[in-house]
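Written out below as structure tokens is the structure these notes cover.
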Amino acid sequence: MNGEDDTYLSIGELARRTGLTVKAVRAYSDRGIVPPAGRTPAGYRRYGPEAVARLRLVRTLRALGLTLPTLREALDRDTPPAELAAAHAEALAVRIRVLTARRAVLMAAARRDATPEEMELMHRLAALSEDERQTLTREFLDEVFNGPGTGTDLAGGGRSMTPYLSDNPAEEETEAWIELAELCQDPGFRAAMRRTVAHHAADRTGHTARVPGPGPEAVIRDHTAPARAAGIEPDSAQAGPVVAAVTAAYARQCGRPDDAALRQRLLARLDTVNDPRRERYLHLLAVVNRWPAPDPLSPELDWFCAALRARTTS
């Protein structure tokens, strides 16, 4: 290389131009990532001008997390840097999703002081595939909405309660999915939801199928919220018109007289609806599906049930 020494670079010059240490350049050279173009008569390595660009690319891609074997294979195949970056970005996205799910499990376990068995369950639920998640929730909703005595089509009520976890969920979404999936597998919650749907179905048959209008829960929210805001106590005389308005609307919906039997029927329905697990499910569903957080209904139901019982038992 005597006649071309001025066009080739020593290992020290290559290190200076690329911002790497001599040790790092030598390591890359030993691995075949930046092979020398030749050697001097004394045995010193010499590198061509293209080694500068190659090493700068290697330095950047290493900083972005690519492994040395991946780099060597890509460079040997002359893989375009953009294609290499795209492939690595996708690999990082997968890794981030895995790490996010793991962190969500650990955070949930720490908050609950979970047992090893509970932690194993949470990890399994977080690792389910999309198909497995759909199967789990479909089985739950099918049992709730298509069970005996419900008379309700799953495609209607069930669709609005179906979670759809994003392909790239945030940590809080993964944690919400874990808790939601646990609720779906809770036999007590399933039974409570079946009772709620059965009450709804019983109130929407025959006569009521031709009576449009909101259900009693919506009517209760509309009438009770102002009363609560005004500081009216459930057992006060001022609560009477609120109770009368709701029970009258419920009687029209059911096609029944507004009597003691109807009020007991309404209390039975509200007792099933006012299960804190149901409200928790709806909150978790909103987190998973990235919906606005629902307004809690339990304060209105608690107030109205107290007001209705004060008049039903007197």
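With salt bridges taken as basic N to acidic carboxylate O contacts below 4.0 Å, none links Arg290 and Glu172. Under 4.0 Å is where a charged nitrogen must lie from a carboxylate oxygen, and between Arg252 and Asp258 no such pair does. Classification of Arg97 and Asp167 as a salt-bridged pair fails, no side-chain N sitting under 4.0 Å from a carboxylate O. Electrostatic pairing of Arg190 and Asp186 does not count as a salt bridge here, judged by no charged N lying under 4.0 Å from a carboxylate O. Salt bridge annotation for Glu13-Arg17: present, with a cationic side-chain nitrogen under 4.0 angstrom from a carboxylate oxygen. Classification of Asp271 and Arg309 as a salt-bridged pair holds, one side-chain N sitting under 4.0 Å from a carboxylate O.
If you take SG on Cys305 and CD on Glu300, they are separated by 11.5 Å, rounding to the nearest 0.5 Å. Distance check: Arg31 CZ to Leu68 CG gives 5.0 Å after rounding to the nearest 0.5 Å. The CG atom of Leu71 sits 6.5 Å away from atom OG1 of Thr67, with the distance rounded to the nearest 0.5 Å. Once rounded to the nearest 0.5 Å, the distance linking CG of Asp302 with CZ of Arg228 reads 8.5 Å. Expressed to the nearest 0.5 Å, how far CZ of Arg26 lies from CG of Leu14 amounts to 11.5 Å.
Other residues, nucleotides and ligands place more than 12 heavy atoms under 6.0 Å from the CZ atom of Arg112. Within a 6.0 Å radius of CZ in Arg124, more than 12 heavy atoms belonging to other residues, nucleotides or ligands are found.
A 4.5 Å side-chain heavy-atom check between Gln238 and Glu233 finds every atom pair outside the cut-off. No side-chain heavy atom of Val25 sits less than 4.5 Å from a side-chain heavy atom of Tyr28. Side chains of Arg269 and Glu217 form a contact here, defined as non-hydrogen atoms less than 4.5 Å apart. The side-chain heavy atoms of Arg265 and Arg256, taken from C-beta on, include a pair separated by under 4.5 Å. The shortest distance between side-chain heavy atoms of Arg62 and Leu66 does not fall below 4.5 Å. Inter-residue side-chain proximity for Glu179 and Glu175 is flagged as unmet; no heavy-atom pair is nearer than 4.5 Å. In this structure the side chain of Arg46 never reaches within 4.5 angstrom of the side chain of Pro36, judged on heavy atoms. Side-chain contact check for Met161 versus Phe145: some heavy-atom pair is nearer than 4.5 Å.
A donor-acceptor pair under 3.5 Å is formed between the side chain of His223 and the backbone N or O of Val219. Put simply, the side chain of Glu173 never gets that close to the backbone of Asn289: no donor and acceptor are under 3.5 Å apart. A donor-acceptor distance shorter than 3.5 angstrom exists from the side chain of Arg311 to the backbone of Ala307, with no hydrogens or angles considered. Although no hydrogens or angles enter the test, the distance criterion places no donor-acceptor pair under 3.5 Å between the side chain of Thr79 and the main chain of Leu75. A donor-acceptor contact shorter than 3.5 Å links the side chain of Trp177 to the backbone of Leu125. The main-chain N or O of Ile220 is found under 3.5 Å from a side-chain atom of Thr224 such that the two form a donor-acceptor pair.
Taken together through direct or relayed side-chain contacts under 4.5 Å among Ile, Leu, Val, Met, Phe, Trp and Tyr, Leu99 and Leu64 form parts of separate hydrophobic clusters. A continuous path of hydrophobic side-chain contacts links Phe304 to Leu267 [ILVMFWY only; heavy atoms under 4.5 Å]. Put simply, Leu136 and Leu282 are part of the same group of oily side chains (I, L, V, M, F, W, Y) that touch within less than 4.5 Å, one to the next. Under the 4.5 Å side-chain contact rule for hydrophobic residues, Met107 and Val98 do not share a cluster. In the hydrophobic cluster analysis, where Ile, Leu, Val, Met, Phe, Trp and Tyr join through side-chain heavy atoms closer than 4.5 angstrom, Val287 is grouped apart from Tyr164.
When only modelled atom types and interatomic distance are considered, Glu171 and Thr100 share no side-chain donor-acceptor pair under 3.5 Å. In summary, the side chains of Arg45 and Ser29 do present a donor paired with an acceptor at a separation below 3.5 Å, with no hydrogens or angles considered. Side-chain contact annotation: Glu73 with Thr70, donor-acceptor N/O pair under 3.5 Å absent.
Looking at residues two or more places apart in sequence or on another chain, you find a ring-ring contact (aromatic ring centres under 6.0 Å, His included) between Tyr281 and Phe140, Phe189. Remark: Asp259 pairs with no residue by the side chain to side chain donor-acceptor pair (under 3.5 Å) rule, at least two apart or across chains.
Closest heavy-atom contact between Glu132 and Leu128: OE1-CA, 3.3 Å. A pairwise comparison of heavy atoms in Ala239 and Pro234 identifies CB-O, 3.3 Å as the closest pair. Of all heavy-atom pairs between Val242 and Ala227, the closest is CG2-CB, 4.1 Å. Between Tyr47 and Val34, the closest heavy-atom pair is CE2-O, 3.4 Å. Taking all atoms of both residues into account, the shortest heavy-atom contact from Thr18 to Leu55 is CG2-CB, 3.8 Å. For the residue pair Cys254 and Leu262, the shortest heavy atom distance occurs at CB-CD1, 4.5 Å.
Within the structure, no pair that satisfies the salt bridge (charged side-chain N to carboxylate O under 4.0 Å, His left out) test touches residues 113-122, not counting sequence neighbours.
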